[in-house]
Amino acid sequence: MANFYKDNKDLKFQLSHPLMKRIVELKENNYADYGKYDYAPKDFEDTIDSYDRVMDIIGQICGDILAANAEQVDIDGPICKNGRVTYADGTKKNQQALTQAGVYGIALPRKYDGLNFSMVPYVIAAELTGRADAGYANIWGLQDCAETIAEFASEEIKAEFLPRIHKGDTCSMDLTEPDAGSDLQAVTLKATWDEDKQMWMLNGVKRFITNGDADIKLVLARSEEGTSDARGLSYFVHDKAWGGVTVRRIENKLGIHGSPTCELVFRNAPAKIVGDRKMGLIKYVMSLMNGARLGVGAQSVGISEAAYREALKYANEREQFGKKIIEFPAVYEMLAVMKAKLQASRAILYETARCVDVYKALNALVTPERKLTPEERKENKKYSRYADMLTPLLKMTSSEFCNQNAYDAIQVHGGSGYMKEYPVERLYRDARITTIYEGTSQLQTVAAIRYVTNGSYLDMIRNEYESQQIKVSDEVAAACPDAQARLEAVKARLVAMTDQYEKTVALMEGKPEEYIDFQARKMCEMAAFIIESYLLLLDSLRSESFIDSAELFSERAQAWNNERHFYIYNCNSESVLDTCKNVKKDLDIVYQD
C-alpha cells in the first residue's frame, strides 16, 4: 500500500515551521470551537496532530486510489452528452473515496461542516493530489471557490452552499470567454436583474472552464449596462440544479485528461450576487485567482515530485554498459538538479501559504465588535504584502521547474520515456499546462515587476532573509558535522548574489517603460532564485535533508543570475528592442507570400 504523505518527510516538515504556532493560534481564535464540536482541537499540539492524521488519510487515498486510477483516467477521460459531463470511472472513484473520507472542505469553518484547517495542510493535500493525478488535482483544488464564498458572500449564501462542499459537491470558476482570456475586464457575459423571480439572469458563453459542469459555479458577468471595463463586472453564484447552463463541448487537450475543460452556454441561468456589485473582478476574482495560483503551484510541485521519483526509480533499475545508469555522472547530476528544483519549488510554495494563512486568519478575526490591534494591523499588512509579492514568483518558477523536471524525467528514461507504457509520458503532457493557466509565466512577470522596480523584493531579501542568523540546530550538527561551514558558504554566496541583483535593477534607472518590461522576466527570476535559495538555506538549519539542495540550487542560481546580469548589463536598449520587433516583419512576409 502506498501513502504519498508518509513516504515524503518534506511534507510533514512543513507542519513544524516556527510560524505554524502563530498561524494555528489565529486560525483557531484561541481554540474557541473546542467543546462546540467534538473534533475541534484544544491546543496547538492537538491541532497539528489533526493536520497530520488527515494528511495521512489523504496520502493513503492518493497513493492507493488516485495514482492507481491515473493512467486509465488519462485514456478514458470525461464525456459530454446532451449538454452534461460524465466523469471517467476512475474520477468517480476518486471523488467517492475523498468524499467518504470526509476531507472535502477541510479549510472551511466548522459551522459549515469544514475542518477549519489552515492553508498549509490544505496546500499539502493539493500537492498530494497533484502528484497522484494532476487532472484530478484541478477538481480537488476548485474548493477555492468555496473559500471565496466563505470570505465574501452573504450569510444566506454561505449557509446555502458551503455545507454542500463536505458532501462532495464540485465547483468551478467561470471567468474566461472566447474574446476574454487573460484580459478579464473584456468579459461580456450579461447579468440582468429579474424583478419577478428576484434573481439575476446570466446570458452568454464561457470557454476553457475547468470542471465546467460543476454543481456550484462562480461566474464573472457584466452587470452594469453601458460599461466595457472592470467596473461593470460583478460576481455571481449559480446552482447547477437551477438550470440554464449547458456544456457545448469538452476541449480535446494535450494533458490533464481527467479534468473536463468545457465551453458553456448560459441561457437565462438564475444566479445570486456574491458581495457588492461592480467589485467582481476588482476584488473577488483577484482574490480567487491568487488562491488558484497557489493551487497551481502545489499542483506543479506534485508533478515535479512524481517526475523526480519516476526518474530516480528508473535510473536505479536500468543497466547499461554493465552498471546502473544512476552511476553515470551525466545522469546523477541531472537527478540532483531535479531534486534541487523540486525542493526550491516546495520551499517557496509553503512560504507563500504561510503568508496567506496569517493575513487571512487576521482578516477573519475582524467583526463589528472585534477590531485588529495596531500590532495585528502591522502584521496583517506585512504578510498580505508578502503573499502578493511571492505568489507570482511561486506560480512562475514552480510551473517552469515542473516542466523542466518532467522533460528531464523523460530524458533519464531515454527512448522508453517517450512510450506510453511509462508514466513520465503522461506527466510531461500534464505539466505543460501549468505555465499557462491561471496566468501565464509572462503575466506573472507583469504582476511581479513592480516589486522589482520599487525595491520591495530587495527589502524583503535583506530584511526578512539575509538578516537571519545562520546557526544550525543541534540535530543538524549531529547528523552533518560540517553543516555550519557549508551553510555559511551558501549565505556568503547569496549576499553576493543580492548585491548583484541590486546593481542589475539599478541599470533600469532612466530607461523607458518598454525596455523595463522587456527585461522584466530576467529581473523577476533573479529575485525568485535568491529567495528560493534563502528558503532552502533556512530549511537546512532545521533539517540536514535540505543541505545538498541548498548548495546545489544556490550554485545554479548564481550561474543563472550571472547570465541574466551579463545580458542586461551589455544590452543596448534601442537596438535589442528594434531587433525583436523585426519579428513583425516576418509575419508580413508570410502573409505577402
Side-chain angles (χ1 to χ4, degrees), residues 4-5 7-11 13-14 59 62-63 66-67 70 123-138 140-141 255-256 293-315 331 333-353 393-413 417 422-438 441 444 525 528-529 531-533 535-536 539 545-546 548-550 552-553 556-557 560:
F4 284 3
Y5 176 66
D7 73 2
N8 188 351
K9 64 181 182 179
D10 289 2
L11 295 179
F13 175 80
Q14 299 301 330
C62 285
L66 270 66
V123 168
I124 291 175
E127 181 186 334
L128 290 169
T129 55
R131 173 184 165 189
D133 180 351
Y136 189 78
N138 285 344
W140 168 267
I256 55 168
R293 286 165 181 168
L294 186 63
V296 174
Q299 182 186 42
S300 298
V301 174
I303 296 172
S304 280
E305 178 74 37
Y308 169 68
R309 284 176 180 260
E310 290 294 335
L312 184 64
K313 178 175 178 289
Y314 187 84
V331 176
E333 187 249 4
M334 188 181 299
L335 288 163
V337 173
M338 288 176 69
K339 182 179 180 180
K341 289 176 179 177
L342 165 63
Q343 291 191 316
S345 299
R346 184 174 286 124
I348 195 172
L349 170 65
Y350 290 100
E351 181 79 343
T352 307
L393 299 186
L394 159 69
K395 168 60 169 71
M396 176 171 62
T397 59
S398 66
S399 61
E400 295 289 347
F401 287 157
C402 163
N403 275 268
Q404 293 165 22
N405 277 1
Y407 179 99
D408 286 344
I410 286 183
Q411 195 68 22
V412 170
H413 281 69
Y422 286 87
V424 289
E425 181 271 342
R426 170 176 54 85
L427 294 173
Y428 183 69
R429 289 185 287 104
D430 287 350
R432 190 62 192 89
I433 189 62
T434 60
T435 62
I436 299 172
Y437 62 9
E438 310 308 344
S441 295
Q444 302 313 309
E525 286 175 336
F529 298 153
I531 291 169
E532 287 163 344
S533 296
L535 292 172
L536 283 174
D539 283 348
S545 64
F546 298 99
D548 288 345
S549 287
L552 181 56
F553 186 84
R556 290 301 175 107
W560 298 332

Query raised in the report: Under 3.5 Å, is there a donor-acceptor pair between the Tyr308 and Gln343 side chains?
Result: no
**Report entry** Check: Asn138/Gln299 side-chain N/O donor and acceptor closer than 3.5 Å
**Finding:** yes
Do the side chains of [X] and [Y] get close enough for a salt bridge, i.e. N-O under 4.0 angstrom?
{"X": "Arg556", "Y": "Glu333", "value": "yes"}
{"X": "Arg131", "Y": "Glu127", "value": "no"}
{"X": "Asp548", "Y": "Lys339", "value": "no"}
{"X": "Arg346", "Y": "Asp539", "value": "no"}

I need the [X] [atom1] to [Y] [atom2] distance, nearest 0.5 Å.
{"X": "Leu128", "Y": "Phe4", "atom1": "CG", "atom2": "CZ", "result": "8.5 Å"}
{"X": "Phe553", "Y": "Leu535", "atom1": "CZ", "atom2": "CG", "result": "10.0 Å"}
{"X": "Ile124", "Y": "Thr129", "atom1": "CD1", "atom2": "OG1", "result": "12.0 Å"}
{"X": "Arg429", "Y": "Ile303", "atom1": "CZ", "atom2": "CD1", "result": "11.5 Å"}

Query raised in the report: Does a sphere of radius 6.0 Å around OH in Tyr428 hold more than 12 heavy atoms from other residues, nucleotides or ligands, not counting ones at 6.0 Å or beyond?
Result: no
Report task. Step through the shown structure and confirm whether more than 12 heavy atoms of other residues, nucleotides or ligands are within 6.0 Å of OH on Tyr407. Result -> no
Requested in this report: Given side-chain contact (heavy atoms from CB on, under 4.5 Å), test Arg309 with Asp7 step by step and report yes or no.
Outcome: CA-CA 11 Å; Arg309 284 176 180 260; Asp7 73 2; 3.6 Å; yes
Can you give me the closest heavy-atom contact between [X] and [Y], atom names plus distance?
{"X": "Ser399", "Y": "Ser300", "result": "CA-OG, 3.5 Å"}
{"X": "Gly297", "Y": "Ser398", "result": "CA-OG, 3.5 Å"}
{"X": "Gln404", "Y": "Lys341", "result": "OE1-NZ, 2.7 Å"}
{"X": "Ala132", "Y": "Cys62", "result": "CB-O, 3.5 Å"}
{"X": "Ala528", "Y": "Thr397", "result": "CB-CG2, 3.7 Å"}
{"X": "Leu394", "Y": "Ile348", "result": "CD1-CG2, 3.8 Å"}

Any donor and acceptor pair, going by atom type alone, linking the side chain of [X] with main-chain N or O of [Y] inside 3.5 Å?
{"X": "Ser549", "Y": "Phe546", "value": "no"}
{"X": "Asn405", "Y": "Met338", "value": "yes"}
{"X": "Asp430", "Y": "Ile256", "value": "yes"}
{"X": "Lys395", "Y": "Thr434", "value": "yes"}

**Report entry** Side chain proximity check, Gln444 to Leu393, heavy atoms < 4.5 angstrom
**Finding:** no
Requested in this report: Walk me through it: do Asp408 and Leu335 pass the test side-chain contact (heavy atoms from CB on, under 4.5 Å)?
Outcome: CA-CA 8 Å; Asp408 286 344; Leu335 288 163; over 6 Å; no
Query - Qualifying residues under ring pair (Phe, Tyr, Trp, His ring centres under 6.0 Å), relative to Tyr437, sequence neighbours excluded - result: none
